[in-house]
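Worksheet for the structure shown next.
Letters A, B, ... mirror the listed sequences (proteins, then strands); counts begin at 1.
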Amino acid sequence: MTLEPSVSVSASPIVEVKNVSKWFGPLMALNGISLDINPGITGLVGPNGAGKTTLLRLLTGQSKPSIGGIRICENNAWSAKAKSHVGFCPYGDAAWDEMPGRKAVRVSAGLHGFKGDEARHRTETVLDIVGMADRAHRPIRTYSKGMRQRIKLGQALIHDPDLLVLDEPLNGIDPVGRDELNELFIRLAQDGKAVLISSHILNEMDQLADHIIFVCRGKLLASGSLETIRDLLDDYPLKVRVSCETPRRVASLLMELDSVKSVRIETSDDLFLEVQNPNRFYGEFAEFVLSKNVDIRGLKATDTSAEPIFDYLMERSSKPG
Amino acid sequence: MKTTLQFSLFASCFQVFGLTLRRQFFSRQTIVITVLLGLSLAITIVWLASDSYVRAPMRGTTTYYRALSPETNAYYVVGDRVEAESVVCVVQGRRGGKRELKARVSGVISEIIIENDFKVSRRETLVRIQPDRTGLQLAGKILQPLFMGFLLPIISLGYASAAISGERTSQTLVYLLSTSIPRSLIYFSIYLAVLLLTLAVTLSCLAALCLIIGTAGFDVCYKYTPVVFLATTCYVSLFLLFSALVRRATFLALAYALMVETLTANMPGVVKSITVSFYANSWLYDKSLSLGLESSIPAYDPVGAVSSQIILVLAFLSFLLLGMWIFSRKEYD
C-alpha cells in the first residue's frame with residue numbers, strides 16, 4: 001500500500017545544503033558543509049558529538065544556520081512551506097506517552113491539516129506501512145523502543161513527505177527489529193523518497209545506504225557512494241593482536257608481508273601488528289598461516305569501534321590533496 | 001509546485017488547539033488548582049461561619065441597652081439586629097467609670113453570654129454576634145486578597161507558563177514545529193487553548209466563591225466578571241510569553257507573581273504601575289465605588305476605569321504579539 005506522491009519529483013536535488021556553518025556561542029557545531037541529497041537512502045555517519053543532530057535539525061527547520069543556506073524542494077528549510085516536504089523522526093523516545101499509537105498518528109494527520117475521512121484513511125495506511133496496525137490501540141508508554149520508533153516513523157510519514165529524516169532510528173533496537181526497519185527504509189526509498197538516516201555506527205549503514213555522508217567535529221569528511229567510502233577505508237591502518245607460541249619467529253616472518261607496517265612483541269606470547277589496508281592483510285595472513293605452518297592461537301583487531309576510523313578520515317581530509 | 005494535499009491551515013491550528021487544551025487539562029496543574037480552589041472555598045465557609053464577639057475591656061458590671069438612655073431600660077436580647085455603630089453594652093467600673101461597647105459589625109445577636117447586671121472580669125466575652133455577610137464584605141475580605149491577589153494569577157500561571165516549556169521538557173514540541181503551520185499561528189493556537197481553559201477555570205472559581213454567600217453574591221459576581229476576564233487574558237499572554245522564552249518558565253512566572261505582582265502592587269508610588277493587578281484593581285475600585293466599597297479595596301491613587309481597561313488591552317495585545325514574534329524566531333531544542 002502506498003500513498004500518492006504529493007509533489008512531482010523534479011530534477012534538482014531534494015535537499016541542497018550550501019556552505020552551512022552553525023555555532024552555539026563559541027562552539028562551532030558545523031563548519032562549512034555543502035551537500036545535496038537525492039532520492040534513495042543516505043546515511044549520515046559520524047561519532048557522537050560530530051554535529052549529526054545539528055545538521056538534521058537544520059534540515060528539518062528546527063534551527064537556522066548561522067551562515068549559509070539550506071533549501072528543501074526549492075524552499076528555505078526554516079519556512080513553513082519546506083516542512084510540508086519533510087517528515088522528521090526525532091532522536092530518543094519522546095512521544096505523546098499517554099495517547100494510543102493510533103491516536104498519536106491521527107493527531108499528526110490533524111497537525112498536517114487532514115480532516116475526517118482523509119485523516120482516518122491516511123492514519124490506517126501509515127500504520128499498515130510501519131506494521132503497527134494491530135498494536136496501535138495501546139498507549140505509547142507501554143511500547144518497546146522499536147514500536148515507539150515505528151509510531152514516530154508513522155507520524156513522520158503521514159503527509160507523504162519527499163524527504164524523511166531519521167535521527168538514530170536504529171539506536172537501541174534489537175537485530176530483528178533492525179532488519180524489519182531497514183526493509184521498511186528500503187521500500188520507502190524505492191517509492192522515490194529521500195531517506196536520510198543518521199548513525200554513529202558505520203556498520204549499520206553498510207548494507208543499507210546508497211550514499212554515505214561522513215561528518216566529524218562539524219566537518220564534512222567524505223561523501224559518496226558506498227564503493228567510494230570502501231575504497232577510502234582500504235588504506236585505513238588497523239591494529240591487530242596475534243597470539244602464538246613462538247612470537248619471535250612469527251614476528252620476523254610477518255615482517256615480510258606487504259600489508260604489515262610494524263610488529264611489536266608485547267608479552268611472551270602476544271604480538272601487536274599495525275597493518276595497512278585491512279582487507280589485503282586478512283587475505284595475506286590466511287595464506288601466511290597455511291604456507292608457513294606456524295602455530296597461531298588467536299587473531300583479534302584491537303580497535304573496531306568507529307572512532308578510530310573517523311580519526312583516520314579526519315587526518316586524511318586535513319592533508320593537502 | 002502543485003500540491004494535491006487537501007491542506008487546511010485551520011484544521012491544523014484546531015488540532016494544535018485541541019492538543020494543548022487536552023494536555024493542559026489532564027495535567028498536574030489541574031490537580032493543584034482544584035486543591036487550591038477547595039482550600040479557598042473552605043476559607044470562605046469558615047469566614048462565613050465565624051462570629052464576632054464583644055468582650056469586656058475592664059472589670060465592672062454589665063448593662064445592656066437597646067437605646068443609649070438608661071431610663072428606657074430596654075435591653076438587647078437574642079435575635080436583635082445591631083449595626084456596626086450600635087452600643088450593645090455598657091460596662092460600669094467599680095469606681096464609676098463607664099465604657100460603651102460597640103458591636104463593630106452589623107448583624108444579629110446570636111447569644112448573650114453574660115446577662116444584664118452581672119459582674120465581669122477583664123476580657124470576658126459578653127455577646128456573640130452573627131455578622132451579616134454582604135457582597136461588599138465578600139469582595140473586600142475574600143475576593144480581593146484571595147481571588148484577585150492569589151488564585152487568579154496562580155491559575156493563569158499554572159496553565160500558561162507550562163504550555164510551551166512543558167512541551168519542551170517532554171521533547172514533544174518538535175512534533176508541532178515540524179508541521180507546516182507557520183510558527184506564529186502555532187503560538188496563537190496554543191494561546192487560545194490556554195486562554196479558554198484558564199478563563200473557564202477562573203470564571204467558575206469566581207462564581208463558586210460569590211454564590212457561596214447566596215443571592216447577595218450575584219451583583220459582585222456580575223461586577224467582577226469583566227475585570228477577571230481581562231485580567232486573565234493579560235496574565236495568560238504574559239505567562240505564555242515567559243513560557244516561550246525560557247525552559248523553566250514556571251519558576252520565572254512564580255518569581256514574577258510573588259515579587260512584582262504581590263509585592264510592588266501593594267507599594268505606594270509609581271512602581272506598582274508596571275503590574276497587571278494594579279490596573280485590574282483600579283478598574284474594580286472604579287466599579288466598586290457604586291457598590292460603596294471604598295474602604296475594602298487597597299488601591300492607592302488608582303487610575304480611572306477607562307484608562308486601566310485601555311492599558312490592560314494594550315498590554316495583553318503586546319505580550320501576545322511579542323510572544324508570537326519570539327516563538328517564530330527562536331530555536332527550540
Side-chain angles (χ1 to χ4, degrees), chain A residues 3-8 10 22 24 53-54 57-58 60-64 73-75 78-99 103-104 106-119 122 152 155-156 158-162 165 167, chain B residues 1-28 30-31 163-190 193 247 324-333:
Chain A
L3 299 169
E4 288 165 34
S6 57
V7 173
S8 59
S10 55
K22 171 78 183 174
F24 302 104
T53 300
T54 306
R57 284 173 48 77
L58 289 174
T60 53
Q62 303 294 316
S63 58
K64 283 179 281 193
C73 298
E74 327 262 303
N75 297 300
W78 176 261
S79 70
K81 212 174 170 198
K83 286 175 186 163
S84 61
H85 301 286
V86 183
F88 183 32
C89 200
Y91 178 74
D93 29 59
W96 296 311
D97 274 348
E98 73 285 0
M99 281 186 204
K103 171 86 182 165
R106 176 73 179 71
V107 167
S108 283
L111 287 174
H112 281 98
F114 302 112
K115 290 177 285 192
D117 281 343
E118 160 129 51
R122 277 182 181 260
K152 276 201 299 177
Q155 287 178 280
I158 192 76
H159 55 302
D160 195 28
D162 299 295
V165 177
D167 197 354
Chain B
M1 218 176 267
K2 180 179 162 285
T3 72
T4 56
L5 298 182
Q6 286 186 349
F7 180 77
S8 156
L9 201 56
F10 179 76
S12 312
C13 290
F14 189 74
Q15 188 71 60
V16 176
F17 177 86
L19 196 65
T20 311
L21 199 61
R22 196 187 136 105
R23 269 184 76 95
Q24 292 302 310
F25 184 73
F26 294 106
S27 63
R28 267 173 289 177
T30 306
I31 301 171
I164 294 171
S165 55
E167 295 268 3
R168 266 176 95 178
T169 316
S170 67
Q171 298 183 322
T172 47
L173 187 62
V174 63
Y175 294 112
L176 298 184
L177 294 185
S178 19
T179 60
S180 44
I181 317 167
R183 282 186 168 211
S184 49
L185 275 181
I186 298 180
Y187 185 87
F188 188 66
S189 311
I190 293 176
R247 189 183 277 275
M324 284 165 78
W325 186 74
I326 287 172
F327 189 76
S328 61
R329 326 193 102 238
K330 196 169 152 64
E331 300 173 0
Y332 294 96
D333 46 5

- request: Tabulate, in ascending numerical order, the residues of residues 168-175 of chain B having at least one heavy atom closer than 4.5 Å to a heavy atom of chain A, or enter 'none'.
  value: B:S170, B:Q171, B:T172, B:V174, B:Y175
- prompt: Relative to chain A, which segment of B:R329 carries a heavy atom at a distance below 4.5 Å: side chain, backbone, both, or neither?
  reply: both
Salt bridge (charged side-chain N to carboxylate O under 4.0 Å, His left out) involving B:E331 - partner list, sequence neighbours excluded: A:K22
Which value, rounded to the nearest 0.5 Å, describes the distance between [X] atom [atom1] and [Y] atom [atom2]?
| X | Y | atom1 | atom2 | answer |
| --- | --- | --- | --- | --- |
| B:S180 | A:H85 | OG | NE2 | 9.0 Å |
| B:W325 | B:R183 | CH2 | CZ | 13.5 Å |
| B:L177 | B:E167 | CG | CD | 9.0 Å |
| B:L185 | B:M324 | CG | CE | 6.5 Å |

For A:S108, side chain to side chain donor-acceptor pair (under 3.5 Å) partners two or more places apart: A:Q155
What side-chain donor-acceptor pairs closer than 3.5 Å can you find for residues 13-22 of chain B, not counting sequence neighbours?
residue	atom	partner	partner atom	Å
B:T20	OG1	B:V16	O	2.7

- line: Looking only at A:V86, A:V107, A:D97, most heavy-atom pairs under 4.5 Å shared with chain B are made by A:V107
